[in-house]
Amino acid sequence: MSSPKTLRSPEALAGAGLVAPEAVAALERVAAQYAVAITPAMIALVDPSDPDDPIARQFVPATDELVALPEESGDPVGDFTHSPVEGIVHRYADRVLLKPTHTCAVYCRFCFRREMVGPEGLGMLGPEGLDAAFGYIAGHPEIWEVIVTGGDPLVLSPRRLGDLVARLSKIEHVKVIRFHTRVPAVDPQAVTDELVAALKSPTQAVYVALHANHARELTPAARAACAKIVEAGIPMLGQTVLLKGVNDTPEALSALMRAFVETRIKPYYLHHGDLAPGTSHLRTSLSEGQDLMRAIRGRVSGLCQPTYVLDTPGGHGKGPVGPNYVSQDGLSVEDPDGVVWAYPPRGEV
Ligand code: SF4
């Protein structure tokens, strides 16, 4: 029997029972616009009998994606506005994004860079592009942190990743290297000892931020892959996109945050869904997001609390979007049960 493969077309998805054969023609139109890939590890998690399966919602294309709203944009967080050289985004003074590749192990249906990633996307930085990107970082002493993203940088070979870390390690003012990836969850077998060794820097602190959106993604194999990274001395952070029908209930979000912490991953950001084209069916409102944050604040440990953030459309940066527990005049505070108390207390407490 041949080993399972990543599925990359509606036809292949139909062959695996993940979409109905009669839906293939319509989904080809989606696939012509936005790349499709779902790894064996994620296929194994999908319950094909559940029409609302939270794993399928993230990776299996839907015709809803053909509906683009006027407020949606191909560059919702303003990468191009802040790109001084190819492969670099310099939005905040002390850090840059370095995007060595626009390939990913999976293609998420809500991706905020969906018009840049995939086989038809912006591709890989060639040797000259990489030289220019490293030259830019070396020439800007205010850059303290380099966030290696994409695409998914962990699809690169250990040799390429090792070269990248070695080159960044030579730039003295860079103190922190952070990788953003879905690979440890969506393709845990790819996290080999060689790959983990390639991520380590002799001089800089390295972090790995894992993007996962549902507790089921943290399988025993994914947890083992993350353990390799953590036990190599690389702290891990959790990043999640708030998605309708995936993690927009207190139960689903709590379970995911706990799964992160059990895996020694500190939840970092809960991202409000970006205004990427054809993703409105997966977005919640900001007030729904705030209600969820309130619900998990009272429900799970402080270790399990991410910061809920919105990337302000147009490239104006990321900011926390609440909820707020302090009144505008600063004279009362809300407890996790929603009860408001005077601060400082007046009379009996
Ligand atoms: S792995 Fe990240 S960059 Fe790639 S499709 Fe998913 S969200 Fe987009």
Side-chain angles (χ1 to χ4, degrees), residues 6-9 13 30-31 33-43 45-46 54-62 65 72-80 83 87-89 97-125 147-156 161 178-188 190-191 208-214 217-218 222 225-226 236-244 246-247 256 268-279 281-283 306 309-311 318:
T6 293
L7 304 180
R8 300 184 183 274
S9 68
L13 293 171
V30 180
Q33 235 173 309
Y34 307 115
V36 172
I38 173 166
T39 52
M42 292 298 100
I43 297 165
L45 293 183
V46 174
I55 307 298
R57 269 179 85 73
Q58 294 183 62
F59 305 115
V60 174
E65 293 173 51
E72 293 178 336
S73 151
D75 183 18
V77 305
D79 278 359
F80 288 125
S83 182
I88 292 279
V89 177
L97 303 184
L98 169 62
K99 302 197 282 183
T101 178
H102 284 86
T103 302
C104 305
V106 284
Y107 290 108
C108 311
R109 307 325 300 164
F110 50 86
C111 177
F112 66 131
R113 297 201 175 107
R114 59 190 332 209
E115 301 218 334
M116 306 174 201
V117 298
E120 308 292 323
L122 302 182
M124 252 174 87
L125 272 188
I147 299 161
V148 188
T149 180
D152 193 322
L154 264 60
V155 302
L156 296 175
L161 284 168
R178 184 187 347 153
F179 287 91
H180 279 196
T181 181
R182 292 207 79 164
V183 165
V186 301
D187 188 14
V191 183
V208 169
L210 174 70
H211 169 184
N213 303 317
H214 193 276
E217 292 166 51
L218 277 304
C226 295
M236 290 189 72
L237 305 167
Q239 294 215 96
T240 295
V241 181
L242 178 55
L243 295 168
K244 194 184 276 184
V246 175
N247 53 29
L256 171 62
Y268 176 44
Y269 279 151
L270 174 67
H271 296 270
H272 188 74
D274 291 308
L275 293 170
T279 61
H281 59 295
L282 293 167
R283 263 196 312 277
V309 291
L310 171 73
D311 242 305
K318 212 179 262 99

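One-based numbering, in listed order, for ligands and for the atoms of each.
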Mark yes or no for whether [X], through its side chain, and [Y], through its backbone, hold a donor-acceptor pair below 3.5 Å.
X	Y	answer
Arg57	Lys244	yes
Thr149	His180	no
Asp187	Val183	no

Looking only at protein heavy atoms, identify the closest one to [atom] and say how far it is in Å.
atom	answer
atom 8 (Fe) of ligand 1	Cys111 SG, 2.3 Å
atom 6 (Fe) of ligand 1	Cys108 SG, 2.4 Å
atom 2 (Fe) of ligand 1	His211 ND1, 4.3 Å

Fill in: Leu218 and Leu256, any side-chain heavy atoms less than 4.5 Å apart
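Yes, side chains in contact.
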Practice prompt. Quick one: look at Arg113 and ligand 1, take heavy-atom pairs under 4.0 Å, and tell me if it's side chain, backbone, both or neither.
Written response: neither
Discussion item. Please determine whether Cys104 has a backbone or side-chain N, O or S atom lying under 2.8 Å from atom 4 (Fe) of ligand 1.
Written reply: yes
Item to complete: Mark up the atoms of ligand 1 that fall under 4.0 Å of a heavy atom belonging to Arg182, in ascending order.
Response: 1 (S)
Worksheet item: Which one of His211, Arg182, His271 satisfies the side chain to side chain donor-acceptor pair (under 3.5 Å) criterion with Gln239?
Response: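 Testing Gln239 for a side chain to side chain donor-acceptor pair (under 3.5 Å) against His211, Arg182, His271 leaves exactly one candidate, His271.
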